[in-house]
Amino acid sequence: MTDEARASQLEHALVSVRERVDSAARSVDRDPLDVTLVVVTKTWPISDIRSLHALGVRDFGENRHQEAEQKAADLDWLDLRWHFVGQIQSNKAGRIAAYADMVHSVDSTRLAHRLNSGAHHHDRKVDCLVQVSLDPDCERQDGRRGGVGAGDVEEVAAAVETAGGLRLRGVMGVAPLGGDAPAAYVRLREISDRLRARFPNAAVVSAGMSDDFDAAIRAGATHVRVGSAVLGQRPALG
Ligand SMILES: *Cc1c(COP(=O)(O)O)cnc(C)c1O
């Protein structure tokens, strides 16, 4: 495919994703501008990120440190916001704090401390979301997707809030595999409401992916993480 053909493919996909965001928001009387579209570009090349930037996208998500770090370095001259959405090995946390603007996947106090050290080291403030497990009746059914149980959200949130280099901004959730995504997003919103009673600045709800972000927006998501609906099916692994 030529570069122009790819750019026009991305433009059409982006227009239709934006239409879905708009209509989901309007269906529950929300302002579509209150929903941030984070385009998840994992596995896709820098050229796609530049095309999307030219189409007005500023928020990009990645889930693997090495790839994210490289892309952030290659594009550091562009005004982008990098969202780290993947599981974090704690020995990588310090380096992620060097380029990530928002880390969606903080799921332990230990990880919060590591991110905080990195943020201090690089003299940055990093926005953080506490990742909540939305798997039914189990804290960590799927270790790869992670997240803390609802009962531990406040403890991790407090660790973020009191760390000087981090800013507690809210919660993130991944719908359970094969489960009821809309119900999971309603639950996440309830957890968010409770957290916000104690931490008023924790207003972000990051929820929803290509297949179900409409339901997430109807349940109150402020950030949707969309990959394949914009970029196409990822080649294996993603
Ligand atoms: C890959 C990924 C997404 C985007 O998934 P799509 O189904 O391609 O939209 C969202 N959130 C996380 C955490 C991801 O890893």
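We count ligands from 1, going down the list as the structure has it; atoms in each ligand are counted the same way.
- Val39 and Met172 fall into different hydrophobic clusters, where Ile, Leu, Val, Met, Phe, Trp and Tyr are joined by side-chain heavy atoms under 4.5 Å apart, directly or via other members.
- Heavy-atom proximity to Val85, at under 4.0 Å, picks out these atoms of ligand 1: 12 (C), 13 (C).
- Here's the thing with Gly227: one of its N/O atoms is less than 3.5 angstrom from an N/O atom of ligand 1.
- Sorted by first and then second residue, the ring-ring contact (aromatic ring centres under 6.0 Å, His included) pairs with a member in residues 87-120 read His65-Tyr99, His83-His104; sequence neighbours excluded.
- For the residue pair Thr109/Glu155, the side-chain donor-acceptor check at 3.5 Å is not satisfied.
- Applying the 4.0 Å criterion to heavy atoms of Lys42 picks out, from ligand 1, the atoms 1 (C), 2 (C), 3 (C), 14 (C), 15 (O).
- The distance from ligand 1 to the heavy atoms of Val226 drops below 4.0 Å at these ligand atoms: 9 (O).
- When side chains are defined from C-beta on, Arg26 counts as touching Pro32, because their heavy atoms get closer than 4.5 Å.
- Residue Arg225 has at least one heavy-atom neighbour below 4.0 Å for each of these atoms of ligand 1: 4 (C), 9 (O), 10 (C), 11 (N), 12 (C), 13 (C).
- For residues 186-234, there are no ring-ring contact (aromatic ring centres under 6.0 Å, His included) pairs, not counting sequence neighbours.
- For His104, the closest heavy-atom approach to ligand 1 does not fall below 4.0 Å.
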